[in-house]
Asks: 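Can you read through this structure? Questions will come right after.
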Amino acid sequence: MSDNETRHCLPRIRSSYSQLSEKERKVADYILVHSNKIIHSTINQVADDLNVADATVFRFCKRIGFKGFQAMKIALAAEIVNPIQDIHETISESDSSREIAEKVLRSNIRTLEDTYHILNNQTIEQAVQALLEANHIEFYGNGGSGIIAMDAQHKFIRTGLRTTAYSDAHLQIMSASQLSSDDVAVLISHSGTNKDMLRVADIARGTGATTIGITNLATSPLSKKVDIPLYTVSQETEFRSEALASRIAQLSLVDALYVNIMMARKDQSKQSLQRMREAISSKRI
């Protein structure tokens, strides 16, 4: 993305306003009034709020000189989010080290509490049952979510179930293409808008595999594509903290699924743990 494409979003809207169509002006008005909300939203959410098609929002972004909605959001965020907010929304320059640490910890605690309150018993049970019945479980995630996918496999390997984790986009697509209706794919994405994850979801569903999504509570493309959506709640977007607090919620959801599986497979899990402990013991002094 060029430097010119990362700034001047609001001025572009104002200067192009007279040339916009009626529907495009509707989008422009919405962005000018709700700039802070836009950078937390997906293109689907904006279109739903305005009762217009996603294509209308996309055409508007192109009309004012951006490659798409995401490019427009990045430019908008650069204009309205100051450098301190870019790290963490509630932190100020005058905060002491202790105050910064306290705010980060409280943010994590709030994210866990909020995620707990929106847990859906039915979807959790569906996810657990699908994992228990799976012939093979594959975890997919990119960037920070890729680390969550690796952590998930690190835990689930203890269950005795066959698991794999991929954080490389090419390997994800290759692997997903080899799934079957007996397998489960767990896709992890905070924003739910990652193109690679959406492609993997399409491929996995095309094989008949059951798909589970772990994503932020929103009407995101990923939540619509998967069979079983599991949600976290975080005040962050991709423009703040690289979704630090959301990682804690994602890890906790994985933990909840893992413990459920271990409880349901008591005997098998006990044997698996024993074999693993014996194998790992040779690595210790």
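Here the structure is a predicted model, which means the values were calculated and not measured. We number each residue from 1, following the sequence as shown.
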Asks: Please give me the minimum heavy-atom distance between Leu257 and Ala127, naming the atom from each residue.
Replies: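 Looking at all heavy atoms of both residues, the shortest contact is CD2-CB, 4.0 Å.
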Asks: Are Ser35 and Leu10 close enough that some pair of their side-chain heavy atoms sits under 4.5 Å apart?
Replies: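 The answer is yes; the side chains approach within 4.5 Å.
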Asks: Looking only at side-chain N and O atoms, does Glu125 offer a donor or acceptor that is under 3.5 Å from a partner on Gln129?
Replies: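 Looking only at side-chain atoms, Glu125 and Gln129 do not form any donor-acceptor pair under 3.5 Å.
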Asks: Check for me, please, whether Ile64 and Val33 land in the same ILVMFWY cluster - side-chain distances under 4.5 Å, paths through other members count.
Replies: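 Different clusters.
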Asks: What closest approach, in Å, do Leu222 and Ala201 show between heavy atoms, and which atom pair accounts for it?
Replies: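 Closest approach of Leu222 to Ala201, heavy atoms only: CD1-CB, 4.2 Å.
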Asks: Do Ile261 and Leu253 belong together in a cluster built from hydrophobic side chains that touch within less than 4.5 Å?
Replies: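 Per the 4.5 Å side-chain linkage, Ile261 and Leu253 are co-clustered.
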Asks: Quick one: are the ring centres of Phe69 and Phe60 less than 6.0 Å apart?
Replies: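 For Phe69 and Phe60, the ring centres are not under 6.0 Å apart.
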Asks: Taking atom types as modelled, is there a side-chain donor on Thr211 or Asp227 under 3.5 Å from an acceptor on the other?
Replies: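 Side chains of Thr211 and Asp227: pair found under 3.5 Å.
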Asks: Rounded to the nearest 0.5 Å, what separates atom CZ in Arg199 from atom CG in Leu187?
Replies: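 So the gap between those two atoms works out to 13.0 Å.
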Asks: Minimum heavy-atom separation for Ser41 to Lys37, with atom names?
Replies: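 Smallest interatomic distance, heavy atoms only, reads OG-O, 2.8 Å.
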Asks: Say whether, by atom type as modelled, one donor and one acceptor occur between the side chain of Thr56 and the main chain of Val52 under 3.5 angstrom.
Replies: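 Such a contact is absent between Thr56 side chain and Val52 backbone.
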Asks: Answer whether the closest heavy-atom distance between the side chains of His34 and Asp49 falls below 4.5 Å.
Replies: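 No; the side chains remain at least 4.5 Å from each other.
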Asks: Out of Tyr258, Phe156, Tyr166, which one pairs with Phe139 under the ring pair (Phe, Tyr, Trp, His ring centres under 6.0 Å) rule?
Replies: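 Exactly one option meets the ring pair (Phe, Tyr, Trp, His ring centres under 6.0 Å) with Phe139, and it is Phe156.
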Asks: From Lys224 NZ over to Asn44 CG, what is the distance, rounded to the nearest 0.5 angstrom?
Replies: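 The NZ atom of Lys224 sits 4.5 Å away from the CG atom of Asn44.
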Asks: Flag the pair Leu76 / Ile31 as yes when at least one side-chain heavy-atom distance between them is below 4.5 Å, and no otherwise.
Replies: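 Yes; the side chains approach each other to less than 4.5 Å.
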Asks: Is any side-chain heavy atom of Ser189 closer than 4.5 Å to a side-chain heavy atom of Met197?
Replies: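 Ser189 reaches Met197 side chain to side chain.
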Asks: Between Ser177 (side chain) and Met174 (backbone), is there a donor-acceptor pair under 3.5 Å?
Replies: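 Judged by distance alone, yes, a pair lies under 3.5 Å.
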Asks: Evaluate the side-chain contact (heavy atoms from CB on, under 4.5 Å) criterion for residues Gln172 and Ile203: first the C-alpha distance (whole Å), next the side-chain angles of each, then the deciding distance (0.1 Å), finally the verdict.
Replies: CA-CA 10 Å; Gln172 288 169 350; Ile203 293 172; over 6 Å; no
Asks: Under 4.5 Å between any side-chain heavy atoms of Ile137 and Arg162, yes or no?
Replies: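 They are not in contact (no side-chain heavy atoms under 4.5 Å apart), so the answer is no.
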Asks: Shared ILVMFWY cluster between Met72 and Ile13, side chains joined below 4.5 angstrom?
Replies: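 Linked, Met72 and Ile13 end up in one cluster.
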Asks: Might you confirm whether atom NE2 of His154 has over 12 heavy atoms from other residues, nucleotides or ligands at distances under 6.0 Å?
Replies: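 Result for NE2/His154: open.
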Asks: Say you draw a straight line from CD of Glu113 to CD1 of Ile109; how long is it, rounded to the nearest 0.5 Å?
Replies: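 Glu113 CD to Ile109 CD1: 7.0 Å, rounded to 0.5 Å.
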Asks: Say whether Thr164 and His136, considering side chains only, have a donor N or O and an acceptor N or O under 3.5 Å apart.
Replies: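 A donor-acceptor contact under 3.5 Å links the two side chains.
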Asks: Roughly how far apart are Arg110 CZ and Leu105 CG, rounded to 0.5 Å?
Replies: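 The distance works out to 12.0 Å.
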Asks: Tell me, do Val186 and Tyr140 make a side-chain contact under 4.5 Å, heavy atoms counted?
Replies: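 Val186 vs Tyr140: side chains apart.
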Asks: Do Ile124 and Leu251 sit in the same hydrophobic cluster, where Ile, Leu, Val, Met, Phe, Trp and Tyr count as joined when their side-chain heavy atoms come under 4.5 Å apart?
Replies: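 Linked within one cluster.
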Asks: Where do Ile228 and Ala130 come nearest, in terms of heavy atoms and distance?
Replies: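 Distance-wise, the nearest heavy atoms are CD1-CB, 4.3 Å.
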Asks: Please tell me if the side chains of Thr215 and His190 come closer than 4.5 Å, counting only heavy atoms from C-beta onward.
Replies: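 The answer is no, as the side chains (C-beta and beyond) never meet within the 4.5 Å cut-off.
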Asks: Test your reading of the model: is there a side-chain donor-acceptor pair from Lys73 to the backbone of Ile43, 3.5 Å cut-off?
Replies: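 Such a contact is absent between Lys73 side chain and Ile43 backbone.
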Asks: Give the cluster check for Met150 versus Leu131: same hydrophobic cluster or not, with ILVMFWY residues linked at side-chain heavy-atom distances below 4.5 Å.
Replies: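 As far as the 4.5 Å side-chain criterion goes, Leu131 and Met150 are not connected within one cluster.
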Asks: For the pair Asp151 (side chain) and Ile147 (backbone), establish whether a donor and an acceptor sit closer than 3.5 Å, ignoring hydrogens and angles.
Replies: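 Pair absent, no side-chain N/O of Asp151 close to backbone of Ile147.
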Asks: How long is the straight-line distance from CG of Asp168 back to OG of Ser175, given to the nearest 0.5 Å?
Replies: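 The OG atom of Ser175 sits 11.0 Å away from the CG atom of Asp168.
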Asks: Can you tell me if Tyr231 and Asn216 form a side-chain donor-acceptor pair at under 3.5 Å?
Replies: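 Checked: Tyr231/Asn216 side chains show no N/O donor-acceptor pair below 3.5 Å.
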Asks: Got a donor-acceptor contact below 3.5 angstrom from the Glu138 side chain to the Ala185 backbone?
Replies: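 Here the side-chain-to-backbone pair does not exist.
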Asks: Keeping Arg205 on the side-chain end and Lys225 on the backbone end, is there a donor-acceptor pair under 3.5 Å?
Replies: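 Pair found, side chain donor or acceptor close to backbone of Lys225.
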Asks: Search all heavy atoms of Ala149 against all heavy atoms of Gly141 and return the closest pair with its distance.
Replies: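 Scanning both residues, the minimum pair turns out to be CB-N, 3.9 Å.
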Asks: Salt bridge between Arg106 and Glu102, side-chain N to carboxylate O under 4.0 Å?
Replies: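 A salt bridge is present here (some side-chain N lies under 4.0 Å from a carboxylate O).
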Asks: Kindly compute the distance separating CD1 (Ile214) from OG (Ser252), expressed to the nearest 0.5 Å.
Replies: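 Going from the CD1 atom of Ile214 to the OG atom of Ser252 covers 10.5 Å.
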Asks: Sub-3.5 Å donor-acceptor pair from the side chain of Gln274 to the main-chain atoms of Gln271, do we have one?
Replies: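 Side chain of Gln274 to backbone of Gln271, a donor-acceptor pair under 3.5 Å: no, none is there.
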Asks: Taking all non-hydrogen atoms of both residues into account, name the closest pair between Arg247 and Ser145 and its distance.
Replies: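 That would be NH1-OG, 3.7 Å.
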Asks: Could you tell me whether the side chain of Met263 reaches within less than 4.5 Å of the side chain of Lys266, counting heavy atoms only?
Replies: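 A side-chain contact under 4.5 Å exists here.
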Asks: Can you tell me if Gln178 and Asp183 form a side-chain donor-acceptor pair at under 3.5 Å?
Replies: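 No pair is found: no donor N or O on one side chain lies under 3.5 Å from an acceptor on the other.
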Asks: Does Lys23, at its NZ atom, have more than 12 non-hydrogen atoms belonging to other residues, nucleotides or ligands within less than 6.0 Å?
Replies: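 Count not over threshold, so no.
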